[in-house]
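Some notes on the structure that comes next.
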Amino acid sequence: MPVLMSDAGTCGVRPMASQHNTMRVVGGTDAQPGSWPWIVSIQVPWRRGTGHICGGTLISPQWVLTAAHCFINATYVEMWRIVVGASSLLQMGPEVQVRNIKRLVTHEHYNNRSQRNDIALLELDQPVQCSYYIQLACVPDGSLRVSELSPCYISGWGAMEEGSKIRPAILQEALVHLIDNHICNSSQWYAGAVRNTNLCAGYQQGGIDTCQGDSGGPLVCKDRTADYYWLVGVTSWGTGCGRAHQPGIYTSTQHYRDWILVHMGLRPAGQTSAPPVSASGPFQKPRPIPADASRPGSCPFPRNKLVDFFALLQELLQVIKESEV
Ligand code: 4AZ
């Protein structure tokens with residue numbers, strides 16, 4: 001039998017994206033349902049409104065990657081809600097799956113003054129089932145040349161204006177540019193506060209940015225050669241929102257891939273990854289973080305994407321056949 005995919009399934013695909021033109025956050029637009037199938041809303045049920053406080057990203061059926069600073073002074077974390085597969089937080093359809101947190105792992109060297117190592121993992125009480133609305137993001141290793149990727153997108157249910165207390169019901173998305181850390185660290189910008197474990201993304205002139213409530217959520221970039229997305233950043237900090245020369249700062253996930261694997265129990269501590277040459281370089285393949293072998297739930301490649309692929313292949317064969325006669 002021909003094997004089309006590994007047991008680990010897939011990551012970084014947007015099964016619903018063909019349904020809309022791929023074309024707030026500040027300066028963003030409403031995302032279509034299923035546009036960003038790895039984003040989750042982290043909610044504190046006893047807070048007013050939806051209780052949304054941070055975003056996060058599904059990286060395996062039972063694990064969410066988010067920001068450590070979302071959990072400063074957190075209490076009763078096991079009662080918080082993780083909402084997966086949603087677009088509107090006020091009208092959640094049958095595609096939405098809600099989980100509780102079984103375990104919170106914040107980075108052991110997170111510093112809340114410098115925001116160094118602003119990264120955390122959440123283990124869900126039950127794995128989610130992947131669907132057209134729920135997919136895993138791909139976490140790159142150190143060999144991916146992230147600065148060469150584009151386009152890149154931010155998304156979240158955070159404030160649409162700096163200082164605003166109103167939160168959008170519908171997920172907001174925006175296109176952003178990666179900005180070189182040297183530029184971000186110049187004197188009129190962040191003057192050296194941006195580390196090499198950070199990414200800087202947005203616009204020199206401001207206007208489009210993440211904001212309060214977007215923290216922990218994804219910064220993703222499309223692979224250069226194929227139709228899938230890499231989770232390159234976790235929304236971390238910035239001065240205000242949408243200000244000129246003060247773009248959003250993200251925790252660079254590729255620097256933490258080993259930390260992630262160790263804390264998910266998938267790699268013994270101390271063992272560092274030296275990816276085989278075939279798996280490295282800009283053409284790194286999208287590898288989902290493998291699911292715990294003792295538990296169900298990989299993310300199968302979406303059927304409609306395979307159907308699209310075979311339809312295209314058939315068309316191509318037809319063209320070749322016709323050009324031969
Ligand atoms: C925040 O407070 C926050 N403009 C997140 C992102 C940015 C600023 C603040 C970036 O969670």
Side-chain angles (χ1 to χ4, degrees), residues 24-29 31 36 39-44 47 49-57 64-74 80 89 104 106-107 110-120 122 152-168 171-181 183-186 188-195 197-221 231-253:
R24 263 177 262 210
V25 172
V26 174
T29 53
W36 308 106
I39 195 169
V40 312
S41 164
I42 300 175
Q43 304 184 352
V44 180
R47 287 251 195 126
T50 61
H52 171 91
I53 59 144
C54 270
T57 305
V64 166
L65 193 65
T66 184
H69 84 256
C70 295
F71 301 92
I72 297 173
N73 301 325
W80 292 19
L89 294 182
L104 161 67
T106 53
H107 198 287
Y110 166 63
N111 181 308
N112 70 4
R113 279 204 293 272
S114 66
Q115 294 306 329
R116 187 178 170 193
N117 302 312
D118 189 12
I119 197 161
L122 305 176
C152 298
Y153 295 91
I154 50 175
S155 49
W157 290 275
M160 289 162 69
E161 259 177 75
E162 183 180 330
S164 169
K165 287 201 164 55
I166 303 164
R167 295 285 180 272
L171 180 66
Q172 301 292 302
E173 65 177 21
L175 176 73
V176 289
H177 300 303
L178 297 179
I179 301 173
D180 190 277
N181 281 17
I183 295 174
C184 250
N185 266 330
S186 51
Q188 303 296 307
W189 298 48
Y190 285 117
V194 179
R195 299 171 174 272
T197 49
N198 288 135
L199 291 171
C200 184
Y203 295 84
Q204 169 167 359
Q205 71 274 23
I208 299 175
D209 196 7
T210 42
C211 201
Q212 211 166 52
D214 292 320
S215 286
L219 166 66
V220 294
C221 299
L231 174 66
V232 300
V234 173
T235 303
S236 179
W237 61 274
T239 301
C241 308
R243 299 187 191 181
H245 302 157
Q246 312 279 265
I249 305 301
Y250 300 81
T251 305
S252 172
T253 57

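As the structure lists them, so they are numbered: ligands from 1, and atoms in each ligand from 1.
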Nitrogen or oxygen of Asp209 less than 3.5 angstrom from that of ligand 1: yes
May I ask you to identify the nearest protein heavy atom to atom 2 (O) of ligand 1, giving residue, atom name and distance to one decimal place in Å? Gln212 CG, 3.5 Å
With backbone taken as N, CA, C and O and side chain as the heavy atoms from C-beta onward, which portion of Cys211 lies under 4.0 Å from ligand 1: side chain, backbone, both, or neither? backbone
Once you measure the plane-to-plane angle for Tyr153 and Trp36, does it fall in the parallel (<30°), tilted (30-60°) or perpendicular (>60°) bin? tilted
Report yes or no: does Ala67 have a heavy atom closer than 4.0 Å to ligand 1? no
Ile72, CD1: over 12 other non-hydrogen atoms inside 6.0 angstrom: yes
Around Gln115, counting heavy atoms of other residues, nucleotides and ligands shown, do more than 12 lie under 6.0 Å from its CD? yes
Counterpart residues, side chain to side chain donor-acceptor pair (under 3.5 Å), relative to Ser252 (two or more places apart): His255
Ligand-side contact atoms (ligand 1) for residue partner Trp237, heavy atom cut-off under 4.0 Å: 7 (C), 10 (C)
Among all protein heavy atoms, pick the one closest to atom 10 (C) of ligand 1 and tell me residue, atom and distance. Thr210 O, 3.3 Å
Kindly assign one of parallel, tilted or perpendicular to the pair Trp80 and Phe71, based on the angle between their ring planes and the thresholds 30° and 60°. parallel
Starting from atom 11 (O) of ligand 1, find the nearest protein heavy-atom neighbour and note its residue, name and distance. Ser215 OG, 2.5 Å
Got an N/O contact under 3.5 Å between Gly240 and ligand 1? yes
With side-chain contact (heavy atoms from CB on, under 4.5 Å) as the test, would you mind laying out the steps for Val232 and Leu199 before giving the verdict? CA-CA 8 Å; Val232 300; Leu199 291 171; 3.8 Å; yes
